[in-house]
Amino acid sequence: MDAADAPAWIVLGRSPHGVTAILLDEVAAERARVTLTVDSLAGWVADAESAHAPRWVWNDTPRWYADLLAAGVRVARCHDLRLCHAILRDSALIASAGDLRDAVEWDAAPHAQEHAVPALFELDGAASGRLTLPEGPEDSLAEFARQRAAIAGSRDPGRLRLLTAAESAGALVAAEMRAAGLPWDAAEHDRILVATLGERPLAGGQPALLAAAAARVRDALGDPGASLDSQPKLLRALHRVGVLVESTNRWELAEQRHPVIEPLLEYKKLSRLLSANGWTWLGEWVADGRFRPVYIPGGVVTGRWASSGGGALQLPRQLREAVRADPGWRLVVADVAQLEPRVLAAMSGDTALAAAARGRDLYAGIVESGAVASRQEAKIAILGAMYGATTGESGRLVPRLRRAYPRAMGLVDEAARTGEDGGTVSTWLGRTSPSPSSDWSALQSRATEAEASGADETRARRRARDRGRFTRNFVVQGTAAEWALAWLADLRTRLAGMPAVDAAHAAPRSGPVFADRPHLAFFLHDEVIVHTPEEHAEAAAQAVEDAATAAGRLLFGGFPLDFRLDVRIAETALKD
DNA sequence: CATGATAGCGCG
DNA sequence: AAAGCGCGCTATCATG
C-alpha cells in the first residue's frame with residue numbers, strides 16, 4: 001500500500017481458513033482484501049497499526065483484542081459493531097433505524113458466545129440469533145455500512161460520531177484493564193482479613209472474631225442455637241426478645257435500642273466481608289499480584305459499565321489498602337467531585353449552578369448562593385432532585401433548588417414528565433432510554449378505561465412515577481457516563497504516548513503491552529486508578545487532570561464549568 | 001438436584 | 001437517620 005491508499009478503516013472478520021481484513025478508505029469504499037491465518041493476524045495488525053493507525057472495525061472488542069494484547073499488540077482506535085449497534089438502534093436522533101432494528105442478529109448479549117448453548121437445545125432460528133454474534137467479514141462490512149448510513153442521516157451526526165467513538169474507546173480500555181489487571185497485594189489482603197475476622201480457619205469453621213460476634217449475638221438473644229444467616233429465623237429470634245423490626249436490614253436495626261443490636265451489626269459486617277471478599281474470593285480472583293475483573297462497557301441501560309465476576313465495581317473501601325503498586329511504581333488515584341450535578345449544570349446550560357460549582361466544592365457553592373443552609377442539606381437536595389425524592393428531608397429541600405436553579409431542575413423535571421407519559425429521553429450525546437414495557441403500557445391504558453377501579457388507577461400512577469424517576473435519572477447518569485468515557489479515552493491516549501521505562505524498572509505482571517509504561521488499572525463510574533512507574537507519576541497525574549479538562553470541552557465546548565478532581569499519588573489506593 | 005425469587009449489602 | 005437512581009454477588013428458601 002502506498003500512502004495515498006492508506007486505509008482509514010480495516011474491517012476484520014473470521015473466514016473459513018482464518019481471518020479476512022477488508023481495507024476501506026475515508027468514505028468507506030473498499031480498496032483491498034487480505035486473507036490472514038490466525039497465527040499471522042497479530043503481526044499483520046501491528047504492522048498496519050504502526051503504518052496507518054486505522055480504525056479497526058470488528059464485531060466485538062474482547063473477541064479480537066484480548067488475543068492481540070496477549071501477543072503484545074495495542075491499537076489506538078476501533079469501532080465496536082455490537083456496542084454501536086445497541087446505541088444506534090435505539091437513538092432518538094435517528095429517524096429511520098429500521099434496517100438496524102431488522103438486523104436482530106447484532107442484538108446479542110455481551111459475551112453471549114461464552115454462554116452459548118449447544119445447537120441441540122436451540123428451539124428455533126430466533127433463539128440462536130440472539131445467542132451468537134455474526135463473525136464473517138461480510139456480516140461486519142454490511143453492519144458497518146448500516147451504522148455509517150444511520151449516523152450520516154441522523155439529526156446530529158456529530159454527537160453520534162462522538163458517542164460511538166467514545167463507546168468503542170471504552171471497549172478498548174476495558175480489554176486493556178483486564179489484560180493489565182489491578183495490582184493487588186494478596187498478603188496485605190490476608191492481613192486485613194486476619195485483623196478483622198481472625199485467622200483463617202483450617203476446615204469448615206468460622207474465623208475467631210466472627211465466631212465471637214456470633215456468640216455475643218446468641219447470648220443477647222438468650223438462644224445458643226440461634227440461626228443468624230437466615231433472615232426469617234433471625235427475624236423471629238429478634239421478635240422473641242422484643243425487638244419488633246419488620247426486616248433485618250442494617251438501617252432498621254440501627255434504630256433499635258437493645259443489647260443484641262451492636263453485636264448483630266458487627267456480625268453482619270464481618271460475615272459480609274468473609275462471604276463477599278474473604279479468602280475464597282482472594283484465591284479465585286487474585287493471581288500473580290493482579291485482580292483481573294471482566295468489565296462490561298455499556299452493560300447498564302444508562303451507558304455505565306457493568307462487571308461480571310469478582311464484583312469489580314463493589315470492592316469494599318475496607319480493602320483499598322490491598323490495592324498496591326508494584327515496587328518502584330505508584331498509583332494515581334483520581335475521582336471527580338460531584339460529577340453528576342456538574343454534568344446537569346452543563347447539559348441544561350444552567351449558568352447559576354455552573355457558577356456555584358466553578359473552582360470549588362459544588363455543595364459549598366450552593367450554600368454560598370443562599371439556597372440551603374449547610375453542605376449536608378445541599379447534598380441531600382441535589383441527590384433528591386436527580387433521583388426524584390418526594391418525601392423526607394430530601395423531598396422538602398428540592399423546591400428550594402427549583403427556585404435557585406430553574407434551568408437545571410427544569411431539565412430533570414421534564415425528563416420525569418416524559419417518562420411518566422410513556423416517552424423516551426436521551427443523553428447529551430444521544431443514547432436513548434428504552435421504551436416502556438408492554439406490561440407498563442397495558443397497565444396505564446387499563447387505568448384510563450371507564451371500568452377501571454381505584455386500585456387500578458393507584459397502581460398505574462405508582463408505576464408511572466417509578467418510570468419518571470428512572471427517566472429523570474437516566475439523562476444525568478447517562479450523560480455523566482459519556483463524560484467519563486471521554487475522560488477515559490483521552491487519558492488512555494495521553495498515557496500511551498508517554499515514554500517507556502527500561503526493562504530493569506518494568507512491571508512484567510502487567511503483561512507485554514503495559515509492563516513498561518503508565519496504564520489504566522481501574523475505572524469506577526467517576527474514578528480511575530493509573531498504575532505508573534514512579535518517574536512518570538507526576539506526568540500521569542497531570543494527564544488525568546488534562547484529560548478531564550479535555551472531556552469537558554469535547555462534550556460541552558466553551559460552557560463555563562470545570563470538572564474538579566481529587567488526585568493523589570500513592571503506593572496504595574487507601575483513602576484519607 | 002437445579003432454578004428462580006427475595007433479602008441484604010457492597011459500590012457509584 | 002433515610003429515601004430517591006443504577007448495578008453484582010451471596011445466602012437462603014420455595015418450587016419444579
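Order of the sequence lines fixes the chain letters, A, B, ..., with proteins taken first and strands second; residue numbering starts at 1 for each chain. Scope of the values below: all heavy atoms of this structure, side chains included, with no hydrogens, waters or symmetry mates.
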Practice item. May I ask you to decide whether A/Arg82 forms a salt bridge with A/Asp60, counting only side-chain N to carboxylate O separations under 4.0 Å? Key: yes

Practice item. Check the pair A/Trp428, A/Phe556 against ring-ring contact (aromatic ring centres under 6.0 Å, His included), reporting the backbone distance first and the verdict last. Key: CA-CA 9 Å; A/Trp428 184 246; A/Phe556 304 115; 5.3 Å; yes

Practice item. Output yes when A/Glu266 and A/Arg216 qualify as a salt bridge under the 4.0 Å nitrogen-oxygen rule, no when they do not. Key: no

Review point. With both distances kept under 3.5 Å, what pairs with B/dT6, Watson-Crick or G-U wobble?
Key: C/dA11

Review point. Starting at CG of A/Leu273 and ending at C1' of C/dT10, how long is that distance when rounded to a whole Å?
Key: 13 Å

Exercise for review: Determine, for nucleotides 3-12 of chain B in 5'-to-3' order, which nucleotides have protein heavy atoms under 4.0 Å from the base (write B), from only the sugar-phosphate (write S), or from neither (write -).
Suggested key: ----SBBBSB

Study note, to complete from the structure: Assert: residue with more 5' nearest nucleotide on DNA chain C, out of A/Gly310 and A/Glu252, is A/Glu252

Practice item. Test for a donor-acceptor pair under 3.5 Å between the base of C/dA3 and the side chain of A/Glu393, counting only N and O atoms. Key: no

Review point. With a 4.0 Å cut-off, would you call A/Glu340 and A/Arg304 a salt bridge?
Key: yes

Review point. CZ of A/Phe474 versus P of C/dC7: gap in Å, rounded?
Key: 10 Å

Check your understanding: Would you call A/Glu482 and A/Thr479 a side-chain contact if the rule is heavy atoms closer than 4.5 Å?
Key -> yes

Point to revise | Atom-to-atom span, CD1 of A/Ile380 to P of C/dA3 - whole angstrom | key: 12 Å

Practice item. Please step through salt bridge (Lys or Arg N to Asp or Glu O under 4.0 Å) for the pair A/Arg461 and A/Glu420, ending with a clear verdict. Key: CA-CA 9 Å; A/Arg461 195 67 211 131; A/Glu420 288 185 26; 2.9 Å; yes

Review point. Tell me: CG of A/Asp466 to P of C/dA3, nearest whole Å?
Key: 15 Å

Exercise for review: Using a 90° cut-off around 0 for syn, call C/dG8 syn or anti.
Suggested key: anti

Exercise for review: Round to the nearest Å and state the distance from A/Asn277 atom CG to C/dA11 atom P.
Suggested key: 12 Å

Review point. So what does A/Gly395 touch, heavy atoms closer than 4.0 Å: a base, only the sugar-phosphate, or nothing?
Key: nothing

Review point. In terms of side-chain heavy atoms of A/Phe470, which of C/dC5, C/dG4, C/dA2 is nearest?
Key: C/dC5

Point to revise | Length of the line joining A/Leu235:CG and C/dC13:C1', which is rounded to integer Å | key: 15 Å

Study note, to complete from the structure: What one should report as the nearest heavy-atom pair of A/Val245 and A/Leu238 is CG2-CD1, 4.1 Å

Point to revise | C/dC13 phosphate, OP1 or OP2, under 4.0 Å from A/Ser230 side-chain N/O | key: yes

Review point. Between A/Gly311 and A/Thr302, which has a closest nucleotide on DNA chain C that is more 5'?
Key: A/Thr302

Review point. Please walk me through it: do A/Arg564 and A/Asp361 pass salt bridge (Lys or Arg N to Asp or Glu O under 4.0 Å)?
Key: CA-CA 8 Å; A/Arg564 292 173 62 80; A/Asp361 178 81; over 6 Å; no

**Study point:** Identified pairing partner of B/dC11, criterion: Watson-Crick or G-U wobble below 3.5 Å
**Key:** C/dG6

Practice item. Can you tell me the distance, in whole Å, between the OH atom of A/Tyr267 and the P atom of C/dA11? Key: 11 Å

Review point. When we call it a touch if two heavy atoms are under 4.0 Å apart, what does A/Val301 touch: a base, just sugar-phosphate, or nothing?
Key: sugar-phosphate

Point to revise | Between C/dA2 (C1') and A/Lys379 (NZ): distance, integer Å | key: 13 Å

